[in-house]
Amino acid sequence: MRSHLIPINTLFLVILCFSLSSIRSPWLFLSLLVGFSFLLSFFFSTWLVAGGFAWRRFCGNTKTAPGPIGWPILGCLPIMGPLAHRKLAGLAETHDARRLMAVSLGATPVIVSSRPDTAREILHGPAFCDRPVKAAARGLMFERAIGFAPAGDHWRHLRHIAATNMFSPRKVAALEGLRRRAADSMVGRVWREMEEREKVVVREVLQEGSLETMVKSVFGESLGEEDRVELVKMVKEGYELIGKFNLEDYFPLMGGLLDFYGVGRRCNKLGDRVRALVGKIVEERRVKGDYNMQHDFLSLMLTLPKEESLRDSDIIAVLWEMIFRGADVVAVLLEWIMARLVLHPNIQARIQAELDSVIGTRPVSDAEIPKLRYLQAVVKETLRMHPPGPLLSWARLAVCDAHVDKFFVPAGTTAMVNMWAITHDGSIWKDPWAFRPERFLEEDVSIMGSDLRLAPFGSGRRVCPGRVLGLTTVHLWLARLAQEYIWSAGRPVQLSERLQLSMEMKRPLVCRVVRRSRTSCEVGHDEM
Ligand code: HEM
């Protein structure tokens with residue numbers, strides 16, 4: 001890469017000579033020439049290195065990954081936009097750097113893996129167990145919750161509590177009634193929308209169903225209406241803020257000076273409101289003390305054995321994170337699945353035929369999902385084509401110097417896995433651009449993190465702890481929505497993407513439905 005310096009420097013020197021030729025004094029001319037060429041060499045040698053500006057200190061003595069030079073100072077930031085996963089995949093292709101690519105995002109050195117084996121090195125590597133914390137995440141208290149806590153004792157303790165108390169198969173099963181009532185409620189709302197507006201904006205139905213269910217899973221069904229409404233409002237505001245671009249995240253040494261849109265400030269304010277409201281709910285529940293026999297996360301937290309118990313501020317952070325993280329991603333994934341059902345009526349009909357033959361007219365239950373092989377294949381194929389976290393949602397951070405694929409990775413580097421690039425790689429998947437759920441009937445690929453060809457929930461020690469809950473919910477709700485209605489497009493379906501907190505459909509899905517046949521379940525419309 002440094003070989004580029006010579007021709008480019010020469011070119012600039014020639015241009016300089018022309019512009020300086022108007023100067024009459026030869027000594028002044030010479031000293032200006034030397035000065036300028038020194039400055040230019042310095043400028044270019046800090047920029048024209050593989051990976052760009054942020055990699056300038058590491059090139060030369062060590063072997064670093066190939067990658068684009070990008071812009072001076074800003075690196076590849078200006079070209080990222082809302083389709084960063086696609087941009088990064090394109091750059092990796094151009095620079096023959098799919099195994100590992102070095103990129104600069106502002107002053108932050110970044111590596112990106114677009115191959116399963118280097119992805120495994122990152123996701124399972126002890127050096128990459130932390131996460132880079134963005135200003136918004138800090139303001140919203142996520143640093144004390146599971147997602148962004150540094151990989152020390154506190155984080156391990158939280159993961160243990162989550163695994164044994166919130167996401168164990170027994171606890172997930174205990175919340176089935178809640179999920180089923182939410183499904184009834186969504187089925188009812190879909191019909192009402194059809195009657196009143198002659199169309200269904202699927203995202204509105206799914207987001208509300210998912211958010212309400214998560215709030216009730218976390219705080220129980222006895223939560224007051226006023227608190228519930230306020231919480232939902234705050235979650236929505238948080239989604240808006242966390243998806244905003246904040247220059248400060250890429251120039252950490254500049255502190256809050258670069259927060260032009262006030263994202264950090266607004267997150268801090270929202271964080272204060274969350275602390276006040278959730279703190280009040282925790283305190284009220286403690287005073288009431290009616291948490292025995294309840295399965296909501298708050299009751300579980302308050303009944304932890306003394307040696308495992310958490311401070312109130314940590315309980316608040318964890319509960320808030322669960323609602324925030326759990327609700328969005330389930331709704332996003334289901335919207336993509338429904339879009340696929342509308343675009344491929346034959347696939348929709350096959351799911352419905354399977355439901356009819358395996359379940360009949362009863363509303364489906366969690367226990368019956370393993371029998372629905374085709375429905376599960378459709379969910380997997382959607383996760384492959386439209387992974388909600390195409391860059392695995394939250395990146396990893398190198399806590400010490402490390403090597404990936406024999407390339408040097410300095411401490412402080414942000415490490416990303418481009419799962420979208422892996423799941424669209426023609427050397428890994430046959431016909432990667434075709435939506436073909438049958439591929440998962442032909443080969444059973446695990447999506448839980450052991451097979452890095454398709455790991456939409458991540459892998460390694462920081463793998464998604466909510467993956468069983470998330471998948472159980474998606475399977476159940478998809479089955480109910482497909483049991484009840486035949487779905488068709490209310491306006492042309494566009495599969496364009498937008499990467500916010502998750503990768504969602506850029507243009508919300510609008511459908512029309514007709515009832516398939518009355519099932520034996522009477523839908524309880526107002527139960528939620
Ligand atoms: C379809 C559903 C879901 C998808 C696709 C998904 C995806 C992901 C991904 C890609 C990661 C990063 C993993 C890594 O770095 O290796 C993650 C982490 C996480 N997810 Fe999920 N997730 C889903 C559902 C949920 C649910 C329902 C919850 C909670 C209620 C949840 C809570 C979390 C948390 C707390 C982390 C951070 C784990 C850590 O850093 O230790 N997720 N998720």
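By convention here, the first residue in the shown sequence is residue 1. Whatever order the structure lists ligands and atoms in, that order sets their numbers, starting from 1.
Looking at heavy atoms from C-beta onward, Arg286 lies in side-chain contact with Asp312 at the 4.5 angstrom threshold. You'll find the side chain of Ile111 stays beyond 4.5 Å of the side chain of Thr64, heavy atoms only. Put simply, the side chain of Tyr250 reaches to within 4.5 Å of the side chain of Lys134, judged on heavy atoms.
Residue contacts with ligand 1: Val474 is excluded, as none of its non-hydrogen atoms falls under 4.0 Å. In this structure, Met166 has no heavy atom closer than 4.0 Å to ligand 1.
For Trp155, every heavy-atom contact with ligand 1 shorter than 4.0 Å involves the side chain, none the backbone. Only side-chain heavy atoms of Leu333 come within less than 4.0 Å of ligand 1; its backbone N, CA, C and O stay farther off. Contact annotation for Ala149 and ligand 1: no heavy atom of the residue comes within less than 4.0 Å of the ligand. At a heavy-atom cutoff of 4.0 Å, ligand 1 is contacted by no atom of Phe297, backbone or side chain. Here Met419 has no heavy atoms under 4.0 Å from ligand 1, in either its backbone or its side chain.
Contact check on Asp405 versus Arg115 returns no salt bridge, with no Lys/Arg side-chain nitrogen under 4.0 Å from an Asp/Glu carboxylate oxygen. A salt bridge between Arg228 and Glu225 is present, with a side-chain N of the basic residue lying under 4.0 Å from a carboxylate O of the acidic one. The pair Arg180-Glu176 counts as a salt bridge, with a side-chain nitrogen and a carboxylate oxygen less than 4.0 angstrom apart.
Close approach of ligand 1 to Ser459 (heavy-atom distance below 4.0 Å) involves ligand atoms 16 (O). Counting atoms of ligand 1 from 1 in the listed order, those under 4.0 Å from a heavy atom of Met322 are 29 (C), 30 (C). Every atom of ligand 1 is numbered from 1 in the order shown, and the set under 4.0 Å from a heavy atom of Pro456 is 5 (C), 7 (C), 10 (C). Residue Arg131 has at least one heavy-atom neighbour below 4.0 Å for each of these atoms of ligand 1: 12 (C), 13 (C), 14 (C), 15 (O), 38 (C), 39 (C), 40 (O). Heavy-atom proximity to Phe167, at under 4.0 Å, picks out these atoms of ligand 1: 29 (C), 30 (C). Near Gly147, meaning under 4.0 Å from any of its heavy atoms, are these atoms of ligand 1: 37 (C), 40 (O).
Nearest protein heavy-atom neighbour of atom 16 (O) of ligand 1: Arg396 NH2, 2.8 Å. Protein heavy atom in closest approach to atom 41 (O) of ligand 1: Arg159 NH1, 2.8 Å. Nearest protein neighbour of atom 30 (C) of ligand 1, counting heavy atoms only, is Met214 CE, 3.4 Å. The closest protein non-hydrogen atom to atom 13 (C) of ligand 1 is Arg462 O, 3.3 Å.
Of the possible polar contacts, none joining the Ser210 side chain to the Gln207 backbone as a donor-acceptor pair under 3.5 Å is found.
Not a single N or O atom of Arg461, backbone or side chain, sits closer than 3.5 Å to an N or O atom of ligand 1. Residue Glu321 has no N or O atom closer than 3.5 Å to an N or O atom of ligand 1.
Remark: Arg384 qualifies as a cation-pi partner of Trp429 under the 6.0 Å distance and 45° angle criteria applied to the six-membered ring. The cationic group of Arg350 lies under 6.0 Å from the six-membered ring centre of Tyr374 and within 45° of the ring axis, placing it in a cation-pi geometry.
Note on ring orientation: taking the six-membered ring where Trp is involved, the planes of Phe167 and Phe297 are perpendicular (angle over 60°, cut-offs 30° and 60°). In this pair, Phe324 and Phe142 present their aromatic rings tilted. The plane angle is within the 30 to 60° band.
Just one of Cys129, Pro150, Pro132 meets the side chain to side chain contact (heavy atoms under 4.5 Å, CB included) condition when paired with Leu397; it is Pro132. Just one residue in the list Val463, Leu454, Leu471 forms a side chain to side chain contact (heavy atoms under 4.5 Å, CB included) with Met448, and that residue is Leu471.
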| request: Please assess Lys233 against Glu230 for the test salt bridge (Lys or Arg N to Asp or Glu O under 4.0 Å), listing each intermediate value before the final yes or no. | output: CA-CA 5 Å; Lys233 234 166 69 187; Glu230 183 58 17; 3.6 Å; yes
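Residue-environment remark: CZ (Arg156) exceeds the threshold of 12 foreign heavy atoms within 6.0 Å. Within 6.0 Å of atom NZ in Lys236, 12 or fewer heavy atoms from other residues, nucleotides or ligands are found, so the atom counts as exposed in its surroundings.
Closest heavy-atom approach to atom 12 (C) of ligand 1 among the candidates Leu158, Leu392, Thr473: Leu392.
Protein N/O/S atoms closer to atom 21 (Fe) of ligand 1 than 2.8 Å number 1 in this structure.
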